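Keep in mind the model is a prediction, meaning the values are calculated, not measured. All heavy atoms count here, side chains included; hydrogens, waters and symmetry mates do not.
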Amino acid sequence: MILQLILGTTSSDPTLGVVALEWVFKILFVVAAALYVMFAFVVTRQIHVMKSTLITTFSPIVQLIGYVHLAVSILVLLLFIML
């Protein structure tokens, strides 16, 4: 509906411009999510390096949080691809 207001169309039939703009937004969201997955992977790798150099009792919890963060970011990427 917001896209129709921006493009000036008020009919219930989506025009080519609205569909094209939706695809542009979808591609941008997928690219942003892919970059975020790469960031989450780097964070997980940094946690692994930190765990090997700084040994504490809290390290396994931080590593678990890092893996959960990576898994959630991958799920979000898959969600953006499927929708």
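Note on I47 and F58: same hydrophobic cluster, where clusters join Ile, Leu, Val, Met, Phe, Trp and Tyr whose side-chain heavy atoms are under 4.5 Å apart, directly or indirectly. One hydrophobic cluster holds both M50 and I61 under the rule that ILVMFWY side chains link at heavy-atom gaps under 4.5 Å. Cluster membership check: I65 does not share its hydrophobic cluster with V68, using side-chain heavy-atom separations under 4.5 Å among Ile, Leu, Val, Met, Phe, Trp and Tyr. Under the 4.5 Å side-chain heavy-atom criterion for ILVMFWY residues, no single connected hydrophobic cluster contains both V37 and V43.
In this structure, T57 has no side chain to side chain contact (heavy atoms under 4.5 Å, CB included) partners at least two apart in sequence or on a different chain. Remark: I27 pairs with V31 by the side chain to side chain contact (heavy atoms under 4.5 Å, CB included) rule, at least two apart or across chains. Every residue meeting the side chain to side chain contact (heavy atoms under 4.5 Å, CB included) condition with I81, not counting sequence neighbours, appears here in chain and number order: V30, L77. Remark: K26 engages no residue in a side-chain hydrogen bond (donor to acceptor under 3.5 Å, both in side chains) (not counting sequence neighbours).
Residue pairs satisfying the side-chain hydrogen bond (donor to acceptor under 3.5 Å, both in side chains) criterion with at least one member in residues 32-49, sequence neighbours excluded, are listed as follows: Y36-H69.
Separating the CG atom in L70 from the CG atom in L75 is a distance of 9.5 Å, to the nearest 0.5 Å. A distance of 11.0 Å separates OG of S73 from CZ of F41, quoted to the nearest 0.5 Å.
Hydrophobic side-chain contacts under 4.5 Å tie L79 into a cluster, directly or through other members, with L83.
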